[in-house]
Every structure is written in C-alpha cells, then in structure tokens.
Colleague: 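Following this message is one structure expressed as structure tokens.
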There are 2 protein chains.
Amino acid sequence: MEEQSDATRNGTSGPPGLHELPHESFVPVNGQPSEAEQYDVNQYERPSVTVDVLMMSLRQRDLQTLLIKRRSWPYEDMWAIPGGFINMNESLESAAKRELQEETGVQDVYLEQLYTFGDPGRDPRTRVITVVYFALLDSERLQLRAASDATEVGWFSVYELPQLAFDHQEIVDYALNRLRNKLEYTTIAFNLLPEQFTLRELQRVYEIILHKRLDKRNFRKKIVSTNILEDTGAKKMEGTHRPARLYRFNPAAEHKL
Amino acid sequence: MEEQSDATRNGTSGPPGLHELPHESFVPVNGQPSEAEQYDVNQYERPSVTVDVLMMSLRQRDLQTLLIKRRSWPYEDMWAIPGGFINMNESLESAAKRELQEETGVQDVYLEQLYTFGDPGRDPRTRVITVVYFALLDSERLQLRAASDATEVGWFSVYELPQLAFDHQEIVDYALNRLRNKLEYTTIAFNLLPEQFTLRELQRVYEIILHKRLDKRNFRKKIVSTNILEDTGAKKMEGTHRPARLYRFNPAAEHKL
DNA sequence: GCAATAGTGTCTATCAGACATTATTCT
DNA sequence: AGAATAATGTCTGATAGACACTATTGC
C-alpha cells in the first residue's frame, strides 16, 4: 500500500486520478469533440477485465456448479469458473449473459453481480480483474443441453470440488455464502425450481443449500404464511404414496421471507 | 445484449474467452517463461479501471459524504465521488486505501467493496469500469484535516446532494441501501463513532442512517442485551443535565445484532 | 395391510414494539 | 424550583423451534 502511494506521487509511473483529469487529458470516444488532445489515455498500462459467471443448479439432489477444464498454462488441466474478456461496448451484465448463453444455452435466468476480484498476482499471465456474476438455473430447463461444446465442461458438487484454478475456490466460497444469506430473506430459492413444484421440493432446495435438515411442519408453516405460493390445483404423483400438491411462485405477493 | 453475441461469434471483433485461451496466447508477466508467444494480449482494446471510494461520516448530526468538484469536461463543475485509476501492481483494496489517504489523510477505517459499475456509456470519454468501495469514518478523527488539497472538496448530506457527475447518484443510493441493511445485522455503526461514546450517540447514528426515530428504551435494551458494549466507567457531561455513561465497543463479543 | 411420503397443530421461549416515570446535573 | 437529558421495566403480539400423528396412494 505504501509503494502505491509513492507511485502516485511520482507523476511518471502512475496515472493521475481520473476524476481530476483536466479536459484535454482524454480522447473522447463518443462524447463531444474536445479542444485539445495532447494526452492519450492509452499510454497507461491497463489491467485486463474479465467477467466470470458462477452458475449453480440443483442436480441429483445436490448443489452443483458448472466448471470448464483448462487446457493450457497456467493451471493446466485444472477446473475453472467460465468467463471471458469483456467487450468494449457491452455492459458487465451483458457479458455475463453472453457467457451464460455460450455455456448453457439458457437465457432469462437469475443473475446478480457477486464481487470483483482483482489482486495483482491472481493470474500469473497479466493483471486480470474479474467481475464475477452469479447465476441460478432451474434444473428442468437445464436438462436440454447436456454436453455440447468442444471444451470440456462439467457440473460439480459445490461440496466436493476438485482443486480449482486461480482464486476460484475463494469465489465459490463467497458465492455459497451469499446464496445462503439471501435464501433467508429473499425468494431467490425459486430460481432453482421449475415453474411448478411441491413443498417438499422447495424444502429440499433449502436443505441442500443450507446443508442441514429442516423441520417439515415449521418449514411449510413459514412458507405458506408468506402467501408467496399459489396452489396450481395439480398434483404430482411419483412412487407409491400420496401425491403432493403442486405450487407456483407468486412474485406479486412481495411478502419477504 | 444481442449485438454482443454477434460480436462474440465474429472472431475478429472480440477476444476469445480468457480461461480457454491456449498457452501461447499470453506473454507471461511474472510467471514461468512460455514456449511460444505469438499472441499479444495487448492487441485487444481494454477498458480503463478505476477505484472510487464513497466515504461517509457523521457530521453535524447528519450523514455526509465526501465529494470533489470536477473542473473539466465531462460534467464540468459538478460534484463527484473521488476515485482514480488503479495501478498495475496494487490490489483493488490498496487502491481504495490510497484514495482514502489522499483525500482525508485517514488510515485504518472501515472499508468494503460496494459494487462494480461498468455500463459502456457511463463515462463519455472512454470505457471506464469502476470498482466502488465504501468507507466509514469516525467523526472525531476526521476533524483534524479540514481543507487541505488544491482541488475543491466538500462534505454533503446524503439527503441533500447536489446533482452528481456520471452515475454517481446511483452509487450513493446503492451505498445508502447497503449501509442501512448492514446496520441491522452487523456492528458496522461503531465505525462512525469515536472510541468512546454514549448510548444516546449510538442511537443517533442509527436514527440518522435509518432516517427515522427510534424508541430509547427498546434501543438500549437491544444493544445492551448483545453484550457488545463495555462500560468505560467514565461519564460524558455536557450541558446542564445528568451526565451519560461512556461505552466502548467490544468486538470480542461477536454477538451479532 | 404394508410401504412410502403428504399433510397438519400445539406449546413454549424469545424478540420487537408500544409506552411513562424517576434520576442527576446545572443554574 | 426549573430545565434538560439519562436511565429504567412491563405488557402484548408475533415469530421460531421442538415435537407426533393421520391421510392417500400403489402394490
């Protein structure tokens, strides 16, 4: 931290503060033309910016995340969270959606910005700052596209991950934490279920993510009391036992958990 | 979003995914030397990355934030959140600390990453992605450095801000939201108070941030029950009335609110 | 009738919120 | 005595968690 302060005081090694830059310091890209342009912002070294997308879904009664296998240095043959460079004309969220689309073919899923990781040294090739997004996919729609790409991809239990490249384990930990917290006070869980589901299935979502057993009666009481569920009238029969009611999430009833 | 997908399919306009790049694609900066380096990552256009720091403090019984006045296009003469380019060898957090130090001379304050803003048009000069940090300063230490810099800086009530440059109003809104939420379930509020404080002062912090009156008895009951306060034995006498006990925050008692 | 899961209610402890009076200091 | 703020407790309604039995289906 002290080195950086020095670098800043030294006018030649670091750029001045952006918001203090005089008018002439920039070549406007899509703004009005400026009077003088003696100063090119490109003379400064810039980090690379990537957008990674941590996708999570419930598969085989497990919370799983999609990883891709690296085929080159660094971290050759290790698994990593999918991501890519940001294009100059797309928003961060668009880049995340693009990545999501490329890897899974799925659109319109739950997506939120998770955190930005940018330690120098996290990528040995060059300075890479990664804005990480976090997506939740419902298991049903996901079945469609199994293995499609040339690159090796796979779904892994977040509880039994292989060794991950870069600081990606830290990212998964961060995401899992966020997911668990949001589970308690938002309706985020519904993004992991198909449109219709039983209360038992919803409970299972909570149990898998929180990684603990929940009491059936208390759980149902709590969910039902919020009025966020709509009885579809339909029932789901599987196995040799009493069929379960199918519900649908009603986002209109914005009664928080 | 659709344009970006096109751009991606068009091999010449966008870079390949970072994590899929073959080994030879990079000039290692501080890694092992690679066998072949026909590919220079610098050929791709890169966004600028800045780190902005939204500083908040309690001043004059008000929640205020530090802004600097812009002196050039764009948004000339408007107020903005302080920030600057990131140096290639410093972490995001180090950059935020550097900015904090430059603007206020203060160190060791509460600092957390808030969010990353990166819409393509948010700065008309060039593509700028800003990682925003959020700092809380205690009012007492802050008195020391009043007006020091050449650039015009000022503290403004978050509730009566002037028109802000760029998307900075959105950033303030986001920060205020985060602060309010964290107030309820963390001990973040103590960062806005000096080492010793009265319960009334603590209550005032909550009232100012939540922007509503709180019941004195309920507030004290709740705080005291968490055991996060330590009675210093000292009292604070001001005005012609009964003096108030001075407390100190005890971080050891990690009893969440 | 057996296996298997769906569906349901009560009691208790804890917490949040409404609410008014006494205590201490200075002038 | 009066002004000003500190300090304190009770009641009530809501919520969370522990806990066990009946209902429906297929075989």
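To find a chain, count down the sequence lines: A is the first, B the second, and so on, and within it residues start at 1.
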Colleague: Can you confirm if the aromatic rings of B:F197 and B:Y247 lie within a centre distance of less than 6.0 Å?
Modeller: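 So the answer is no for these two rings.
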Colleague: Return the residues of residues 229-242 of chain B meeting this criterion: a heavy atom under 4.0 Å from some atom of DNA chain C. Order them by number, or give none.
Modeller: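 Within residues 229-242 of chain B, the residues near DNA chain C are B:M237, B:T240, B:H241, B:R242.
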Colleague: Does one side chain, of B:S157 or B:R59, offer a donor that lies under 3.5 Å from an acceptor on the other?
Modeller: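 Note: B:S157 and B:R59 side chains miss the donor-acceptor criterion.
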Colleague: Test your reading of the model: is there a side-chain donor-acceptor pair from B:D215 to the backbone of B:N218, 3.5 Å cut-off?
Modeller: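 Yes; at least one donor-acceptor contact below 3.5 Å.
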Colleague: Would you mind reading off the distance between B:Q203 atom CD and D:dA7 atom C1', rounded to a whole angstrom?
Modeller: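 Rounding to the nearest Å, CD of B:Q203 and C1' of D:dA7 are 12 Å apart.
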Colleague: Taking CD from B:E201 and C1' from D:dT5, how many angstroms apart are they, rounded to a whole number?
Modeller: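 Between C1' of D:dT5 and CD of B:E201: 13 Å.
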Colleague: With a 3.5 Å cut-off and just heavy-atom distances, do the side chain of A:K221 and the base of D:dG17 make a donor-acceptor pair?
Modeller: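 Side chain to base: pair found, below 3.5 Å.
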Colleague: Which of residues 206-219 of chain A have a heavy atom under 4.0 Å from DNA chain D?
Modeller: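 Those residues are A:D215, A:R217, A:N218.
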Colleague: Classify the side-chain pair A:S139/A:S57 by whether it contains a donor and acceptor separated by less than 3.5 Å.
Modeller: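 No, because no side-chain N or O of A:S139 sits under 3.5 Å from a partner of the opposite role on A:S57.
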Colleague: Is the distance from OP1 or OP2 of C:dT5 to the nearest side-chain N or O of A:R200 less than 4.0 Å?
Modeller: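 For A:R200, the contact criterion (side-chain N or O under 4.0 Å from OP1 or OP2 of C:dT5) is not met.
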Colleague: Nearest whole angstrom, please: distance from the C1' of C:dC15 to the CD1 of B:I223.
Modeller: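 Value for this atom pair: 14 Å.
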Colleague: Can you tell if the side chain of B:L54 reaches within under 4.5 Å of the side chain of B:Y133, non-hydrogen atoms only?
Modeller: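 Of all side-chain heavy-atom pairs linking B:Y133 with B:L54, none is under 4.5 Å.
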Colleague: Can you tell me if B:R122 and B:T130 form a side-chain donor-acceptor pair at under 3.5 Å?
Modeller: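 Judged by distance alone, the side chains do pair up.
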Colleague: If only atom types and distance count, is the side chain of B:H168 paired as donor or acceptor with the main-chain N or O of B:I81 below 3.5 Å?
Modeller: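 Yes: the side chain of B:H168 pairs with the backbone of B:I81.
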Colleague: Using atom CZ of A:R245 as one end and atom C1' of D:dT24 as the other, report the distance to the nearest whole Å.
Modeller: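 Rounding to the nearest Å, CZ of A:R245 and C1' of D:dT24 are 12 Å apart.
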Colleague: Is any side-chain heavy atom of A:R200 closer than 4.5 Å to a side-chain heavy atom of A:Q203?
Modeller: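 A:R200 reaches A:Q203 side chain to side chain.
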